[in-house]
Structures are given as structure tokens and as C-alpha cells.
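Below: the structure, in C-alpha cells.
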There are 2 protein chains.
Amino acid sequence: MAIRKPTITDVARTAGVSKGLVSFALNDKPGVSPETRKRILEVAGDLGWRPSLSARSLSTRTSFALGLVIRRKAEVISADPFFPAFIAGVESALTEEGRALVLSVVPDAEAELRTYRTLAGDNRVDGVFLTDLRENDERFAVLADLGLPAVALGHPTGRDDMPFVQVDDTHGIASAVEHLVSLGHSRIAHVAGDPMMMHGGRRRSSFDEAMREAGLDPSLVIDTDFSASNGADATKRLLDNSHPPTAIVYANDPMAIAGLGVAQQRGLRVPADLSITGFDGTDISGYVFPALTTITSDPVEWGMVAARTLLELIGSGSAESVELPPASLLIRASTGPAPSDSGHHAAHR
Amino acid sequence: MAIRKPTITDVARTAGVSKGLVSFALNDKPGVSPETRKRILEVAGDLGWRPSLSARSLSTRTSFALGLVIRRKAEVISADPFFPAFIAGVESALTEEGRALVLSVVPDAEAELRTYRTLAGDNRVDGVFLTDLRENDERFAVLADLGLPAVALGHPTGRDDMPFVQVDDTHGIASAVEHLVSLGHSRIAHVAGDPMMMHGGRRRSSFDEAMREAGLDPSLVIDTDFSASNGADATKRLLDNSHPPTAIVYANDPMAIAGLGVAQQRGLRVPADLSITGFDGTDISGYVFPALTTITSDPVEWGMVAARTLLELIGSGSAESVELPPASLLIRASTGPAPSDSGHHAAHR
DNA sequence: GGTTCAAGCTATACCGGTTTAGGTGTTGGG
DNA sequence: CCCAACACCTAAACCGGTATAGCTTGAACC
């Protein structure tokens with residue numbers, strides 16, 4: 001029953017030409033007369049021929065796949081709503097191209113580098129996305145060494161040899177701070193992300209800048225690993241402060257939700273006693289109570305554009321970096337006027 | 001600078017043997033004397049030779065990759081905490097094997113089937129995971145037709161030709177119901193998942209069964225698509241009821257969190273007025289207020305075992321199905337004694 | 001009318017492995 | 001002493017494409 005998949009030789013024989021010519025016709029190369037090309041493509045269609053991926057890979061040294069290496073501990077991976085959406089965006093750009101996405105989830109830096117080496121050495125992918133950029137990121141050197149095309153997610157500071165696709169998140173943080181300031185808050189804290197990750201660091205420094213611009217003290221900052229657990233701990237520490245903040249800007253939604261939980265557990269009313277902002281605009285953030293004021297970007301779009309950029313880079317050897325629309329503040333119910341008494345929560349205005 | 005990667009021919013020449021013999025030595029085939037085998041492997045090591053994946057793929061028709069096709073609309077994908085964790089588990093079993101994971105996210109059924117066909121036709125993967133089993137699932141026929149080995153996640157009812165890896169979640173739902181009953185609840189509702197998905201349907205029918213066993217009315221069920229938005233809507237409908245439930249069992253955590261938000265927005269106290277249980281034991285569920293009583297499984301373990309089973313199936317042509325430890329109830333703060341008045345929270349009987 | 005040239009096409013090497021048929025050399029049995 | 005059997009190894013075909021060198025053919029040109 002299992003009839004063999006037709007090969008290029010079958011097509012060539014049926015069309016009465018050499019297999020080289022079939023290859024030319026398939027790849028739109030010159031040297032084939034229009035009629036012959038048409039006939040070959042017809043025959044190919046009739047036979048249901050699809051060129052073998054392995055054979056093409058072997059002779060062209062191309063895998064027709066892109067790689068995404070995510071470095072997250074298994075316990076934490078689910079907390080990050082970014083990747084599934086990003087991947088969905090990547091896919092939407094890939095399927096039309098007949099390319100596939102090879103995904104790796106690795107626990108630590110060593111495995112991460114080894115994975116890039118294996119992907120490149122096995123010629124498993126034609127290019128990779130570089131996520132979670134870090135300061136002094138070793139991966140730039142390794143990728144350059146491997147000659148593996150890559151597109152960075154976010155702007156790799158101090159490098160202009162790699163195209164990137166960036167969402168300006170500084171603007172979002174700044175507008176959150178401005179929003180809170182306009183509501184009368186002056187003690188505003190920031191539960192930051194991992195300072196070793198560029199986007200964590202960038203959000204932090206834009207918080208810093210926005211606070212200074214408003215003439216406020218930007219020193220109430222706690223670093224985290226972006227996990228809900230860290231977000232809860234940071235919130236406790238901030239609220240234990242003798243002079244606690246009236247507003248907290250979180251570097252992502254899960255931490256903000258965890259912070260909200262901590263505040264509520266302590267009997268604080270949000271936003272009457274404490275205002276809270278998240279980051280990412282995850283689905284769930286609109287359904288907690290009170291609905292989270294958050295900073296939304298569009299990770300699906302991000303993935304789509306990043307994929308297109310990477311394909312462009314692989315195809316033509318270079319690609320323009322892209323700056324996506326900045327993350328914008330989505331004001332919902334978790335932010336409100338600062339308590340008139342900027343001190344503890346029992347007060348009224 | 002870019003020195004060519006050594007090929008099997010280089011190894012053969014350096015070791016002074018034919019390349020066929022190198023292949024034998026590499027693959028532990030008989031017909032190579034122990035000393036020669038040792039020498040060949042030494043030379044291979046010295047040269048840093050790694051057999052070309054494309055070449056092997058071409059001659060063995062093996063891709064050394066597994067496929068995972070996820071059918072989710074882009075808007076919803078982030079809401080599901082299952083996949084990232086599952087994938088992390090799969091990866092942990094794959095890396096040791098030098099295999100890769102090819103991931104596809106597709107929006108609808110048509111694209112889903114097309115993707116399986118492409119993966120098989122391109123010989124892109126050696127086998128696939130079958131997730132989100134549905135009633136009358138067309139994929140079984142397609143996969144059989146394609147001859148693509150597959151492992152099902154969850155027990156495909158009425159099929160014994162495909163190995164599966166299952167977590168008994170009926171037990172979890174049942175214990176949630178029992179827990180609520182023991183707290184004195186009698187009007188218990190279920191915000192179910194997609195009834196077309198087997199795990200949605202199964203959770204629903206085990207809810208049904210557990211309720212009947214307790215002598216309670218199991219008719220308070222609302223179907224959803226597992227999204228937070230659906231969870232919120234379902235909760236509103238349930239609470240708008242003239243005789244609303246005192247406890248709601250949700251089919252996943254995001255919906256439970258959304259339901260919690262709705263309840264709080266209406267001024268209901270959880271768990272004093274309304275008890276809530278989730279499903280999945282996501283990270284964030286422990287940090288909302290009140291912390292969610294939920295049913296935990298171990299998706300990372302699930303992924304690991306599923307990957308091993310699929311590898312076994314591909315390698316030996318058959319594999320034993322695996323039953324993982326049942327999902328278990330994690331009692332936290334969102335469940336409590338039923339209000340003495342079983343009617344509306346302001347009312348008296 | 002012969003040469004030049006380009007278009008269109010074929011033949012074949014090649015990518016880097018696996019696999020099969022066959023060839024050697026040594027040993028052991030009759 | 002001859003042949004069979006076996007262990008070890010080589011040569012070459014093969015997987016299914018791509019790429020290159022070279023062959024035909026006909027038209028253009030002088």
C-alpha cells in the first residue's frame with residue numbers, strides 16, 4: 001500500500017528532462033524555457049512531488065528551520081507569559097515559508113551555550129533568536145564564532161553587528177510613573193526584574209530616570225528573578241518599611257498579581273491604600289480584582305516581526321533592525337489617587 | 001579561518017580505514033575488531049568529528065527530532081500554563097539523546113492537520129505528541145495514514161493502538177468535590193473546559209460522578225474554552241443565578257483566578273461566601289489572595305515521561321503506556337466552610 | 001557560408017553519511 | 001592439503017537533491 005514518495009528523478013523521467021533541469025525549474029533559476037518550466041511544474045504537481053528536505057539540507061547546508069533557545073528553570077517557565085505568545089507570532093510568519101521552529105528549553109548558561117553549539121554544528125537551524133539579553137552576554141561571541149545568524153529581541157547595548165527587534169518599554173515604565181505621579185503619589189517603588197537581563201535593567205533605569213524627572217526619590221527598588229514568589233517577597237519587604245510606598249511599579253504581571261495578593265492579605269485596599277502597576281498586559285491581568293493597570297506590548301506581533309527579520313537576515317545576509325510601537329499604559333482599576341496621608345493606610349483624605 | 005568540519009572521509013583517511021568501517025564503528029555494528037574500533041573512535045574524537053545530521057537523515061530517513069503541534073489561537077496561548085512546563089520536561093529527556101523538538105502553534109483544525117502532513121512529508125520529525133485529545137479526533141486517522149509514530153497525552157478513549165501517558169485527573173476533581181462536601185457545601189458548580197477536549201470532558205464527567213455520589217445535583221456546569229475571559233463570564237452567570245452556588249470548581253487556574261476576581265468585585269468574601277478551587281497548581285495560584293486551593297499535577301514530569309515513551313516507541317516500534325501519579329488536591333485558603341445560609345449571601349432561609 | 005554566441009538542456013560530480021556485496025586472510029576440519 | 005567458515009575489511013551503490021561543466025542547436029553577424 002505504502003506507495004513511495006515521488007522523487008525528483010520520477011518527475012524528470014515523466015517530464016522527459018534531466019533532473020538537473022527539474023531542480024532549476026523548481027528554484028526559479030534561469031536556463032529553462034518557459035514552456036518546459038511550465039510542463040515540469042505541472043508534472044510535479046500531478047505527481048504530488050515535494051522535494052525532500054533532507055536531501056536539500058545535505059546539498060545546500062540549509063535546514064529550513066529557526067531556533068529558539070529559552071533559558072529558564074522548569075519551575076519558573078510557566079510563570080512567563082511572554083514566550084507562548086511570542087512563539088505563536090513566530091509560527092505565523094514561518095508556516096507560509098515552509099520553515100519550522102526548533103525549540104530548546106535549557107536550565108542554565110552552560111547548557112544554553114552547548115545548545116547553540118549543537119544546533120549550529122548539526123546544522124539543525126539556519127538562524128536563531130536571541131532572547132533575554134544580558135550584560136556582557138557571552139552568546140554574542142559564541143554565535144559569531146559559529147557563524148550562526150541571529151536576531152536579538154531587544155536592543156543589545158553596545159553592539160551594532162546584530163539586527164534586533166525592539167519594543168521600547170522605557171516609554172511604558174515612564175508613563176506608569178507619570179500616571180502615578182499625576183495621581184499624587186510620591187513614594188513610588190519598583191519591583192524590578194533580573195538586573196542581569198537587559199530588559200530588566202532597562203526597565204529599571206527608565207524607572208530611575210522617570211522618578212528623577214518628577215523630582216522623586218528613585219531608590220526604592222528591589223531586584224527579582226521575575227517570579228511570582230520573588231514578587232511577593234519584594235512586596236512584603238517594601239510594605240514592612242517604616243515608611244512604605246503608596247504605589248509599586250512591577251516589572252511583570254505575575255509579580256504584580258502576587259504583590260496584589262500580599263497587599264490584600266495585609267488588609268490594604270488597592271488602589272485606595274496602594275496602587276499597583278504590572279507589565280505585559282497578560283490575559284489574566286484584566287480579570288483579577290481590581291483589574292490591573294499594566295503596560296501592554298504585543299508579543300505576538302513581536303514574534304512575527306522577529307521571524308521575518310531573521311528570515312530576511314538569513315536570506316540576504318543583512319536585515320534592518322525594527323523598532324516596534326512602544327509599550328503603552330493600559331489604565332485599569334489597580335491605580336488610584338494617593339492616600340492623602342502618604343504614610344500608613346488607615347487614613348482618609 | 002573557517003576550517004571545514006571534519007567528515008567521515010577525513011576520519012577514515014586518518015585512521016587508515018574505509019569510511020564504511022567508520023560508520024560501523026560509530027553505530028556499534030558488528031564486523032569491526034575491537035582494536036580498530038577503538039582506534040577509529042579515538043581518531044574521531046581527536047578530529048572532533050560529529051556525523052552530519054543532514055547526511056544521516058538522508059540515508060536513514062530519520063530526523064532525530066520530535067514534533068509538538070499545539071492548536072491554540074494566539075490570543076489564548078499565554079493563558080495556558082501547561083505547555084511551557086510540559087515542553088521543559090520534554091526537553092530534559094531530549095537533550096541527552098541529541099534530539100530536538102520541533103514546535104508548531106497553529107490556529108485551527110485545518111492548519112493542524114496540514115502541519116502534521118508537512119512534518120511527516122518533510123520527514124521533519126520521527127514522531128509526535130498528541131495533545132488536547134478530542135472526541136472523534138480526526139488526527140488518529142491522519143497519523144495512522146502518515147505512518148507517524150505518536151504518543152497521546154491522556155487516555156484516548158476507545159483506542160488501544162496508540163500508547164499514551166496519562167495523569168488521572170478524575171481523582172483530583174473528585175477529591176475537590178469531596179473536600180467541598182466535607183466543608184458542608186451542597187450547591188457546587190463546575191466551570192468546565194472545552195467539552196470537545198477529552199480532558200475537559202473527563203474532568204466534567206468526573207465532577208458529575210462525584211456529585212452524584214455525594215447525592216448532590218451535578219447540573220450546575222458551564223462550558224468554556226479554558227480562557228480567563230470565559231471563566232469570568234461563567235462565574236457571573238453562576239452568581240447571577242437566583243440560587244447561586246456556594247462553591248465553584250474550575251477546570252483550570254486562570255479561570256479560577258478570574259472567578260475570584262468576579263466574586264471580589266461583587267463584594268463576596270472568599271471563602272466565607274464562596275469557595276473556589278482551581279486546577280493545575282500554577283505558580284501564581286499560590287500568590288493570589290486568598291491563595292487558591294487547586295489540583296496539582298506535574299506537567300514537567302509528564303513531558304519527560306511522554307518524551308521517553310515516544311522515543312521508546314520510535315526506537316523499538318512499541319511502547320508501554322504510562323499512568324502517572326494522580327493529580328492531588330492542594331488545600332489552601334480559597335476554600336472554607338459553606339455559609340450557614342445556603343442561599344444568597346445576604347439572605348436567610 | 002562559416003564563425004560566434006547565447007539559450008536550453010544533459011551528464012555528472014557532489015553533499016556525507018549508510019548499507020550491501022564482495023574480497024582477503026586466517027583458522028579448523030576432514 | 002584442500003576447502004569451508006568465519007572475522008575483518010573495502011569498494012561502490014545509494015539516499016534525493018544541487019551545482020557545474022560541457023554539449024546541441026539555431027539565429028545573428030560579417
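The figures that follow rest on heavy atoms only: side chains count, while hydrogens, waters and symmetry mates do not. In what follows, chains are A, B, ... by sequence order, proteins preceding strands, each numbered from 1.
Surrounding CD of B:Glu96 are more than 12 heavy atoms belonging to other residues, nucleotides or ligands, all under 6.0 Å away.
Residue-level contact check: B:Ser57 touches neither bases nor backbone, having no heavy atom under 4.0 Å from any strand. Within 4.0 Å of B:Ser54, counting heavy atoms only, lies no atom of the nucleic acid at all.
Annotation: side chain of B:Leu101 is not in contact with side chain of A:Val105 (no heavy-atom distance under 4.5 Å). With a 4.5 Å cut-off on side-chain heavy atoms, B:Val106 and A:Glu91 do not count as touching. Looking only at side-chain heavy atoms (C-beta outward), A:Thr309 and A:Leu313 stay at 4.5 Å or farther from each other. A 4.5 Å side-chain heavy-atom check between B:Leu324 and B:Asp298 finds every atom pair outside the cut-off. At least one side-chain heavy atom of B:Leu66 sits less than 4.5 Å from a side-chain heavy atom of B:Leu311.
Between B:Ala55 and B:Arg37, it is B:Arg37 whose nearest contact on DNA chain D lies nearer the 5' terminus.
Salt bridge present: A:Arg134 and A:Glu112 bring a charged side-chain N and a carboxylate O closer than 4.0 Å. In this structure, B:Lys38 pairs ionically with B:Glu42, as a charged nitrogen and a carboxylate oxygen lie closer than 4.0 Å.
Using a 30° and 60° split on the angle between ring planes, A:Phe83 and A:Phe86 fall in the perpendicular class, above 60°.
Within residues 13-24 of chain A, the residues that place at least one heavy atom under 4.0 Å from DNA chain D are, in residue-number order, A:Lys19, A:Gly20, A:Ser23, A:Phe24.
Note that B:Arg159 lies in the cation-pi zone of B:Phe140, set by a 6.0 Å cut-off to the ring centre and a 45° limit from the axis.
The span of DNA chain D lying next to chain A, judged by atoms under 4.0 Å from heavy atoms, is bounded 5' to 3' by D:dG16 to D:dT20. A nucleotide of DNA chain C counts as in contact with chain B when one of its atoms lies under 4.0 Å from a heavy atom; the first and last such, 5' to 3', are C:dG16 to C:dT20.
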